[in-house]
Amino acid sequence: MNGSGSWSRGSQIVGRIQDVRRVCEFFGTGSGHSRGLHVVGEAGVGKTTLLDAVADAVAQAGTRVLCADGVEFEADIPFAGLHQILTPVLDEAERLPSAYREALSVALGFSTGPAPDRLLLVNSTLALLRQATAAAPLLLIVDDLPWLDRASAVVLGVLSRRLHGSRVSFLSSSRTGLASVFDHGGLAEYELGPLDDDSAHLLLAARDPAMAARVRARVVAESRGNPLALLELSAELTGAQRAAKEELPELLPLGERLRHLFAGRVGALPEAGRRVLLLAALDGTGDLAVLRSAAGQDASALSALTAVEHARLVRIDSATRRLTFRHPLIRSAAVETATLPERHAAHQALASAVADRPERLAWHLAEAAIAPDEEVARLLQDAGHAAVRRGDAAGAVRCLVRAADLSPDTGDRGRRLAEAAYLGAEANGDVAHASELLRRSQSADAGGSGALHAAAAAVYILVNTEADLTTAHRLLTGAIEAAGPAYDAGDPALIDALHTLQLVCWWSGRAELWAPFTDIVGRLTPAPPPVLALAARTFPDPARTGAQALAGLDGVRELLRRTPDPTVLVRGATATVYLDRVGELKDRLWALVRSGRQGAGPVRRHLGALMHLCMEDFLSGAWEEGQQLVTEGAALCETGYPFFSWYFQYNQVLLHGARGETEAGDALAGRMLSWAARRGVGGAAAFAHQARTLVCLGGGDYAAAYRHATALTPAGTLAPYRAHALWGAYDLVEAAVHTGRDTEAAAHVRALRELGIDRLSDRYAMLVSGAAGLCAPDDEAIAHFRQALAAPGADRWAFEAARIRLAFGERLRRTGAKGEAREPLAIAADAFDRLGAVPWAERARKELRAAGRPARPQAARSLLTPQELEIARLAASGLTNKQIGERLHLSHRTVGAHLYQVYPKLGITTRAALRDALTALAIGG
């Protein structure tokens, strides 16, 4: 291939010369930068043929080609696709760092060890590929992408977006409408359409010149331009039919006919050929070493591969020693034409060949089983648990369901189905499937751990289908109590049930529901897992128990920094959230979000990470990013977790309140309160009251702010088992002071001091001192404010630190120290401007003016968000809302809403004034 896309063999592909040329031109030779292209088209349209042609063309031009074929059975075998891609270049790995070599070796099954971190594996793969480009550029080709195993798809999906600037390019294909865990949204898409009628006629005429014109027209019409259908349908016709001496059948159903045609081609092979083809189909990896091992001493079977290849059913790459099917239907036909005993024997042979690979071994033994078999069921169960540990909840569910099918004992069957139901409901949000699995589990009379997982699964099903929390709590505590009186801390089902119970109690906001949780955790033997132990000590009532638990916090923090288990990580973040330690886990939580965006890992872990990160973003002032995470989380809730929407609504209300969007904040908080009352979710109500307090403070309605703050907890105390009262403490004091309730404000500060809230974290220390400054006499207040702002890392909490500086400056000005007041007020005003905290910024500038310094004009770069600034510039240039929307991929209504926010920020009222306003502020126009 050259820059013009010339291709010497193009004439051999009828009707596809332009398609081959366009794909070749897309990549280009020696372009110096990588590109990715995804080819889509219906089954049999010629995607594989196109990819083969492109591979030949680029290979002739000096590019090295690495290929993988996705196949359905292989989709359950982790890293099988990556194995295909990387095997030809593994010799190059010797020059990689040892950590990279080890990650690749474990993932590809050449050594054992813990599953490698996904990011490490991506980096290792990318390093290996870049190493392999030293002599020539590389083109990675993945045919039938949706059938690629999940683990490989995730790695290659991330990889495909990180090839920019390298000499590696990426080409893939998939059947139109077939879903895939591979996110190819970052790849350009090329749709391979059907052949036009002229090309279809030409193809048939070249294949069978003697075919009558009217017969050819009928086949072309029936095939609808599908090359596979054209060739196979015509091949199925008799000589008399081709010559129009015999009428064609009235109907030629494309799908059914093609399926039978493939079966006929497989059936025409000699017995040895059919056997080796069946082994290859059931193995799915194309590894000739595995096929040789499975075939054992049957030399005729391996020699029959030549006949299978000549029949154009498979391709064999002598360099990589791999076999690939020319079309997925051939593989299906190989399985369908085999008898049940033949399939069982093939799976047994393959099981012997992969005895050192536990998950593949388990699946082959399962498929070979003709009756329930507890040993095989246990192997599948172990495979499922391994899948859970690496974050593959969907794979774990498949393993457990199949293990249940093979369980001789009804109790074991029910237990495995219950665990599958729990994982499906909790980790994947698949309520419908989980409900069916739960029904099957209950009919099998699962006891013990099965009953615990069944109850936990039922909780997630109930809360996501409008049931009340009292029922969920009663169901779960009943199952846990039935498992007693001796509670085994080593029972994973009991630990899962207790973590679920912890959440139910927290969601409810009712103090009396916590007793069973804390009692049972206290009776676990041996000691409970560290995260659960910390949650039991701090999460129910952190105001009273958090300080005492700090001594054991370091060990949990270290565990969370290194655990490979995403479930433990999210549970740990939840256990430490009221101790302000989530920020320490930010990088690890972001890894979960990134992996979730690629379709990898449990949806619930992705959702949990988003919950923690968007709150952390609000506290640390990363509001733009926080808004994006809120939007992402709300959308994710719609995929199976509607119950959790209230948490993202809470964060949205906080953002509304801080930005001065009073009407929107009030409306959303009101909806939260109505929903919480209807569902009995006291925790959501507490969140709504705390967020609405901020909305009212921003709007200057201090009386309403005090009402909402004290609905969360009365002044002068932190309500027991109302953890969220910690987050509203400063707001309550501020609202009390502004409504003349100095006694209540002082009482609340005393309560914070007595409970040792300032010992929980540096942020709490800052807030407690700041609250003390709000209600202290003038001669004491200044010292409290200074102490607050001297707290370690105070400016990390951008919004809260700015609010304390504002209060400090206000107090200084009122005591006559105007000169001294200007510095904290100016710093606060700048911070509020950067955040977009409009009402607080206006208060700070007003105080600055009163202190004798004219407030500086707000810099538009801090006044406007990046998106608002871009929209303002485009509008100032004369573009309409519709044109702006098209350019920025927004609706015209969204553009209008942004401009509605921009005008008051710039102090203008019309679109015509935009250019002058932007120019005056020296930011363009």
Subject >> Stepwise side chain to side chain contact (heavy atoms under 4.5 Å, CB included) check, Leu66 with Thr87 >> reply: CA-CA 9 Å; Leu66 301 179; Thr87 296; over 6 Å; no

**OP:** Could you give me the CA-CA distance, side-chain angles and deciding distance for Thr63 and Phe27, then say whether side chain to side chain contact (heavy atoms under 4.5 Å, CB included) is met?
**Re:** CA-CA 11 Å; Thr63 293; Phe27 290 105; over 6 Å; no

**OP:** Apply side chain to side chain contact (heavy atoms under 4.5 Å, CB included) to Val39 and Asp19, showing your working.
**Re:** CA-CA 10 Å; Val39 178; Asp19 294 302; over 6 Å; no

**OP:** Test His364 against Arg357 for side chain to side chain contact (heavy atoms under 4.5 Å, CB included), laying out the working first.
**Re:** CA-CA 11 Å; His364 283 305; Arg357 304 174 194 180; over 6 Å; no

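The OG1 atom of Thr285 sits 15.5 Å away from atom CZ of Phe79, with the distance rounded to the nearest 0.5 Å. Note that the CG atom of Leu202 and the CG atom of Leu230 stand 11.0 Å from one another [nearest 0.5 Å]. Put simply, CZ on Phe110 and CG on Leu104 are 10.0 Å apart, with the number rounded to the nearest 0.5 Å. Note that the CG atom of Leu128 and the CG atom of Asn123 stand 12.5 Å from one another [nearest 0.5 Å]. Note that SG of Cys24 is 9.5 Å distant from CD of Gln60, once rounded to the nearest 0.5 Å. Here the CG atom belonging to Asp143 is positioned 3.5 Å from the OG atom belonging to Ser173, to the nearest 0.5 angstrom.
No donor-acceptor distance shorter than 3.5 angstrom exists from the side chain of Arg162 to the backbone of Leu126, with no hydrogens or angles considered. For the pair Thr125 (side chain) and Leu121 (backbone), a donor-acceptor distance under 3.5 Å is present. Under the 3.5 Å distance criterion, the side-chain polar atoms of Arg101 are matched with a main-chain donor or acceptor of Leu96. Side chain of Arg167 to main chain of Thr133: a donor-acceptor pair is present (N/O by atom type, distance under 3.5 Å, no hydrogens or angles). Side chain of Arg64 to backbone of Ala136: no donor-acceptor contact under 3.5 angstrom is found. With hydrogens and angles disregarded, no donor-acceptor distance shorter than 3.5 Å links the side chain of Arg605 to the backbone of Leu592. Looking at Asp149, its side chain does come within 3.5 Å of a backbone N or O of Gly81 through a donor-acceptor pair. Side-chain N or O atoms of Glu189 include none that pairs as donor or acceptor with a backbone N or O of Val40 at under 3.5 Å.
Summarising the geometry of Ala351 relative to Leu365, their closest heavy-atom pair is CB-CD2, 3.6 Å, with the distance given to 0.1 Å. The shortest non-hydrogen separation linking Gly41 to Lys47 is O-NZ, 3.2 Å. Of all non-hydrogen atoms in Tyr190 and Leu37, the two that sit nearest each other are CB-CD1, 3.8 Å.
Salt bridge annotation for Arg274-Glu342: absent, with no cationic side-chain nitrogen under 4.0 angstrom from a carboxylate oxygen. Salt bridge annotation for Arg360-Asp283: present, with a cationic side-chain nitrogen under 4.0 angstrom from a carboxylate oxygen.
In this structure, Gln131 places its CD atom where more than 12 heavy-atom neighbours from other residues, nucleotides or ligands lie under 6.0 Å away.
Side-chain atoms of Leu140 and Leu129, non-hydrogen and from C-beta on, do get closer than 4.5 Å to each other. By the 4.5 Å heavy-atom criterion applied to side chains, Glu367 and Arg343 are not counted as neighbours. The closest side-chain heavy-atom distance from Leu187 to Ser172 is below 4.5 Å. Counting only heavy atoms from C-beta outward, the side chains of Asp69 and Asp144 never approach each other to under 4.5 Å. Inter-residue side-chain proximity for Leu400 and Leu380 is flagged as unmet; no heavy-atom pair is nearer than 4.5 Å. Inter-residue side-chain proximity for Leu313 and Leu269 is flagged as met; some heavy-atom pair is nearer than 4.5 Å. Annotation: side chain of Val593 is in contact with side chain of His606 (closest heavy-atom distance under 4.5 Å). Residues Ser152 and Gln84 have side chains not in contact (no heavy-atom distance under 4.5 Å, counting atoms from C-beta outward).
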